[in-house]
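If you're wondering where the values come from, they're calculated on a predicted model, not measured in any experiment. Atoms within a ligand are numbered from 1 in the order they appear, just like the ligands themselves.
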Amino acid sequence: MSARIIDGRALAAALNAETARRIAASGFRPGLAVILVGDDPASTVYVRGKDRAARAAGIAAESILLPADTSEAALLARIAALNADPMIDGILVQLPLPPQIRPRAAIEAIDPAKDVDGLSPVNVGRLFAGRPFLIPCTPLGVMKLLAAADVSISGARALVIGRSSLVGRPLAALLLTADATVTIAHSRTRDLAAECRRAEILVAAAGQPELVRGDWIGSESVVIDVGIHRLPGGGLRGDVAFAEALPVAAAITPVPGGVGPMTIACLLENTLTAALARRDQPARGQPGRG
Ligand code: NAD
């Protein structure tokens, strides 16, 4: 049997259409500022993609391109100005940053009410307390993919491979809030294959191309592949050996066309969530549990 493919592209298109509809109905245009320091080629492509998608949804998007030698103080001053700007609802600092700027300092400078990447300490704390507000976009996208694929999370054994603040940790918190029994694997985990075989929901976010092999996957398991790796000759691979996993898993996300498109779609939704909260209107679509 072949695994069911979970189509992230279709789900992202539907979410973007819904966000655009809600923005059109809101009577205002949310403002999003994306700051890029330097000209890292991959980051430049991501920032352009975010800008384009935001504008298409009716968001007033602004890309702020700063030179690679920008000082930390200058970046923090720029963020402070955006915090104070009433037209701006969302602020995102594209990572990685040049070595003279501490990423933590930049992230912690963003007003938590405008922190659409969900990485500031207030939003991380709320997430781990089971009362999330702005949720990091990639983990939020993974939860939406699981929901769209009708995966039953409550009581399921979930394995998250990776413990980064961007993906692994927040995703583990979300799965826990959704009542999964969560294991977090990382670079020091012994016998990752055995951990994978036990998992009913397996999320790979290790940043290692094709780390998860077909014979690590149980026949009932749902596999979400967060990894993105560019091949030297073109094309993309994930953290899962897709061709080996396809005949074994119950359901799987492809790379490309799985988690990737959901990340930007969730950024747009987060921008609307922040805009509604700043205007004191209730946001829908965010999981919130006590
Ligand atoms: P990261 O490098 O910050 O973290 C990787 C994590 O994986 C670490 O916690 C590490 O302990 C763990 N790890 C590394 N090797 C391992 C191994 N052999 N076994 C078990 N654990 C191992 O990476 P990240 O920012 O969390 O991103 C992970 C992957 O997801 C990357 O491929 C990245 O490109 C991709 N990514 C995709 C999206 C998207 O929108 N699809 C967004 C963010 C990141």
Look at atom CZ of Arg48 and say whether more than 12 heavy atoms of other residues, nucleotides or ligands are closer to it than 6.0 Å.
no
With a heavy-atom distance limit of 4.0 Å, tell me whether Thr263 approaches ligand 1 through its side chain, its backbone, both, or neither.
side chain
Quick one: look up the protein heavy atom nearest atom 19 (N) of ligand 1 and list residue, atom name and how far away it is.
Leu192 CD2, 3.7 Å
What's the separation between atom CG in Leu175 and atom CZ in Arg157, rounded to the nearest 0.5 Å?
14.5 Å
Nearest heavy atom to atom 5 (C) of ligand 1, choosing from Gly260, Gly207, Ala206, Pro96, belongs to Ala206
Please state whether Thr189 comes within less than 4.0 angstrom of ligand 1, counting heavy atoms only.
no
Roughly how far apart are Met143 CE and Thr138 OG1, rounded to 0.5 Å?
13.5 Å
Student check: side-chain heavy atoms of Met87 and Arg29 closer than 4.5 Å:
no
Numbering as shown, the atoms of ligand 1 that approach Ile228 to under 4.0 Å (heavy-atom distance)
32 (O), 34 (O), 35 (C), 37 (C), 39 (C), 41 (N)
Quick one: which ligand 1 atoms are inside 4.0 Å of a heavy atom on Val259?
41 (N)
Do Glu269 and Lys144 meet the salt-bridge criterion of a basic N to acidic O distance under 4.0 Å?
yes
Could you tell me, atom by atom, which parts of ligand 1 come under 4.0 Å of a heavy atom of Ile161?
20 (C), 21 (N)
From Ala205, Gly162, Gly141, Gly258 - option closest to atom 28 (C) of ligand 1 by heavy atom
Ala205
Note: ligand 1 atoms sitting under 4.0 Å from heavy atoms of His229 are 32 (O)
Hey, is atom 2 (O) of ligand 1 under 4.0 Å from any protein heavy atom?
no
In this structure, CZ of Arg197 is separated from CG of Asp191 (nearest 0.5 Å) by 7.0 Å
Region of Met262 engaging ligand 1 - heavy atom pairs below 4.0 Å
neither
For Arg230, I'd like to know if atom CZ has over 12 heavy atoms of other residues, nucleotides or ligands within 6.0 Å.
no
Heavy atom of the protein closest to atom 42 (C) of ligand 1 (residue, atom name, distance):
Thr138 OG1, 3.2 Å
Which residue owns the protein heavy atom closest to atom 26 (O) of ligand 1, what's the atom, and how far is it?
Ser164 OG, 2.5 Å
Numbering as shown, the atoms of ligand 1 that approach Gln208 to under 4.0 Å (heavy-atom distance)
14 (C), 15 (N)
Donor-acceptor pair between Ser63 and Asp51 side chains, under 3.5 angstrom:
yes
Give a yes/no verdict on a cation-pi contact between Arg237 and Phe242, requiring under 6.0 Å between NZ or CZ and the six-membered ring centre and an angle within 45° of the axis.
no
Look at atom 17 (C) of ligand 1 and find which of Ile264, Asp225, Leu211 reaches it with the closest heavy atom.
Leu211
Residue portion contacting ligand 1 (non-hydrogen atoms closer than 4.0 Å) for His186
both
Distance to 0.1 Å, residue and atom name: give those for the protein heavy atom nearest to atom 44 (C) of ligand 1.
Val167 CG2, 4.0 Å
Tell me whether Ile161 shares a hydrophobic cluster with Val167, the cluster being built from Ile, Leu, Val, Met, Phe, Trp, Tyr side chains joined at under 4.5 Å.
no
What is the distance from atom OG1 of Thr70 to atom CD of Gln100, rounded to the nearest 0.5 Å?
7.0 Å
Atom CZ of Arg78 with >12 non-hydrogen neighbours under 6.0 angstrom:
no
Which residue owns the protein heavy atom closest to atom 10 (C) of ligand 1, what's the atom, and how far is it?
Ser187 N, 4.0 Å
Nearest non-hydrogen protein atom, atom 35 (C) of ligand 1
Val226 O, 3.4 Å
Within a distance under 4.0 Å of any heavy atom of Arg163, pick out the atoms of ligand 1 and give their elements.
6 (C), 8 (C), 9 (O), 11 (O)
